[in-house]
Amino acid sequence: MALKLGAYTACLHDRPLAEALDVLRENGLTSVEVNTGGFIPSPHCPVDLLLSSATARDEYLAAFADRGMELTGLNCNGNPLNPLPGVGPKHADDLRRTIRLAGLLGVQHVVTMSGTPGSDPDAKYPSWVVNPWDGVYMDVLDYQWGVAVEFWKEIDALARDNDVRVAIEMHPHNVVFSPVTLRRLVDETGATNIGAEMDPSHLMWQGMDVVASIKWLGPLVFHAAAKDATLCPGADIRGVLDTSFTRVPADAPGKVPTGYGFWCNAWPENPAWKFVAVGLGHDVPYWTEFLRALAEINPDMAVNIEHEDAAYSQTEGLALAAKNLHSAASAL
């Protein structure tokens, strides 16, 4: 048995699925994760068609198998708890549909985020509590966790009924953004089919020990991403919770949607931290220990590159990450 090394195809969103798979294969990657909704569209997965047609599902899976590849994850990252009517309900529906599709395809893992509700039942926007030193923020957290637990109990039951495991990316601006909050969600829901997608990049810039986090979560780590991050000189004056982003105009080409009428903002020129290709923020020996910790939990775990290094093109960044990931794996 060996870890399954692959990539999340969102970075190749402008290519047809066949071309995207060929790029992965050229880099020696055999595990594939595709998007199915949430924040971004699903160019590599026709969800409606696949839900409705067994023939289409067979043909779809054949596209991977014919290349010696395996579809190891469906990614539906979004905010299913967002109180905005154009965001939360759609993302929640996308997640439910993705879980049903994963069951039909025989794909074991769905990757998503826990979501963030508003601060109270009348809130219009989501509200992420970072440091509840003031008692009022404990009231907000109590409300938000009540909403989250109710929703995730339902999702856990749906996942169990479809023989699927939901792997939550521990991402800031969500109620689950750390190993401690991931375990809290599992404990408070009594979940059997909810665990972690170990994306180390967000733990890195928050100052966590990634290998220690993997070992602490143990069998709750279901699935993994290979994504690197590094602190930058801007951290000296910004700190890692910097809010110095700027708006991207509505007519800007290539803007990244996050919901109806909303999209990603632009990073400051001198950021506190940034995503980099695997191996550039942390060296190959570091990634070897990352893989070793995952393999101790499940030697067959899928580890999919998520390329978001703006300094490299889609294919260059993916190739560099694959090279360093392969080097790390060969040292196991």
Side-chain angles (χ1 to χ4, degrees), residues 35-42 47 74-102 109-132 136-162 164-197 199 202 206 220 222-223 241 256-265:
N35 204 74
T36 54
F39 286 133
I40 60 176
S42 55
V47 176
L74 302 183
N75 190 304
C76 192
N77 274 332
N79 184 355
L81 305 180
N82 193 320
L84 284 165
V87 182
K90 179 187 182 300
H91 290 186
D93 184 58
D94 286 349
L95 177 57
R96 295 183 186 99
R97 285 156 45 82
T98 296
I99 290 170
R100 294 186 183 100
L101 177 57
H109 292 111
V110 167
V111 178
T112 191
M113 296 174 185
S114 66
T116 310
S119 60
D120 58 83
D122 297 321
K124 181 178 179 181
Y125 300 104
S127 178
W128 185 44
V129 176
V130 178
N131 187 348
V136 67
Y137 296 112
M138 292 301 291
D139 292 342
V140 172
L141 282 174
D142 287 346
Y143 166 74
Q144 291 182 322
W145 274 95
V147 172
V149 167
E150 181 180 0
F151 175 80
W152 284 101
K153 281 183 177 179
E154 174 211 334
I155 295 300
D156 180 58
L158 181 64
R160 188 163 50 250
D161 290 344
N162 286 273
V164 170
R165 300 202 299 178
V166 177
I168 293 179
E169 180 178 347
M170 296 171 284
H171 194 296
H173 210 279
N174 287 265
V175 292
V176 171
F177 62 93
S178 65
V180 169
T181 49
L182 186 285
R183 181 169 282 180
R184 176 180 176 179
L185 183 68
V186 172
D187 288 347
E188 292 197 17
T189 58
T192 60
N193 288 54
I194 293 174
E197 188 237 15
D199 179 336
H202 300 290
Q206 291 183 83
L220 285 178
F222 291 171
H223 193 80
L241 298 179
V256 180
T258 58
Y260 295 120
F262 296 92
W263 50 89
C264 286
N265 294 315

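Given the structure is predicted, the values throughout are model-derived calculations rather than measurements.
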Neighbour count >12 (heavy atoms, 6.0 Å) for atom CD, Glu150 =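 Not buried by this count: 12 neighbours or fewer within 6.0 Å.
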
More than 12 non-hydrogen atoms from neighbouring residues, nucleotides or ligands closer than 6.0 Å to OH on Tyr143, yes or no?
->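 Correct, the count exceeds 12.
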
Once rounded to the nearest 0.5 Å, what's the spacing between atom [atom1] of [X] and atom [atom2] of [Y]?
| X | Y | atom1 | atom2 | result |
| --- | --- | --- | --- | --- |
| Glu197 | Leu182 | CD | CG | 10.5 Å |
| Leu158 | Arg96 | CG | CZ | 8.0 Å |
| Glu154 | Trp152 | CD | CH2 | 10.0 Å |
| Met113 | Phe39 | CE | CZ | 5.5 Å |
| Asn79 | Leu81 | CG | CG | 6.0 Å |

Measure the shortest side-chain to side-chain distance between His91 and Asn82 over non-hydrogen atoms and say whether it is less than 4.5 angstrom.
->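 The answer is no; the side chains never approach within 4.5 Å.
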
Answer yes or no: is there a side-chain heavy-atom contact under 4.5 Å between Val87 and Tyr125?
->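 No, side chains not in contact.
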
So which heavy atom on [X] is nearest to which on [Y], and how close?
| X | Y | answer |
| --- | --- | --- |
| Asp120 | Asp122 | OD1-N, 2.9 Å |
| Pro117 | Pro83 | C-CD, 4.2 Å |
| Leu84 | Phe262 | CD1-CE1, 3.9 Å |
| Ile194 | Phe222 | C-CE1, 3.4 Å |
| Ser42 | Asn35 | CB-O, 3.0 Å |
| Leu95 | Cys76 | N-SG, 3.6 Å |

Contacts table for residues 165-177: side-chain donor-acceptor under 3.5 angstrom, sequence neighbours left out:
unit_1 : atom_1 : unit_2 : atom_2 : d
Arg165 : NE     : His109 : NE2    : 3.1
Arg165 : NH2    : His109 : NE2    : 3.1
Glu169 : OE1    : Asn77  : ND2    : 2.9
Glu169 : OE2    : His202 : NE2    : 3.1
Asn174 : OD1    : Gly115 : N      : 2.8
Asn174 : ND2    : His171 : O      : 3.0
Asn174 : ND2    : Pro172 : O      : 3.4

Positive for side-chain hydrogen bond (donor to acceptor under 3.5 Å, both in side chains) with Thr98, one of Asn75, Asp93, Thr112, Thr36 |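 With Thr98 as partner, Asn75, Asp93, Thr112, Thr36 yield a single side-chain hydrogen bond (donor to acceptor under 3.5 Å, both in side chains), made by Thr36.
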
Should Val149 and Lys153 be marked as a side chain to side chain contact (heavy atoms under 4.5 Å, CB included) after you check the CA-CA gap, both sets of side-chain angles, and the distance that decides it?
-> CA-CA 6 Å; Val149 167; Lys153 281 183 177 179; 3.8 Å; yes

Quick check: does any side chain N or O of Asp156 sit under 3.5 Å from a backbone N or O of Thr189, one acting as donor and the other as acceptor?
->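 Flag not set: sc Asp156 to bb Thr189 has no pair under 3.5 Å.
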
Determine, stepwise, if the pair Val47 / Arg97 fulfils side chain to side chain contact (heavy atoms under 4.5 Å, CB included).
-> CA-CA 8 Å; Val47 176; Arg97 285 156 45 82; 3.4 Å; yes

For Gln144, the option from Val140, Val147, Asp142 that meets side-chain contact (heavy atoms from CB on, under 4.5 Å) =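 Of all the options given, the one that passes is Val140.
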
Are Ser119 and Ser127 close enough that a side-chain donor and a side-chain acceptor fall under 3.5 Å?
->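 Note: Ser119 and Ser127 side chains miss the donor-acceptor criterion.
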
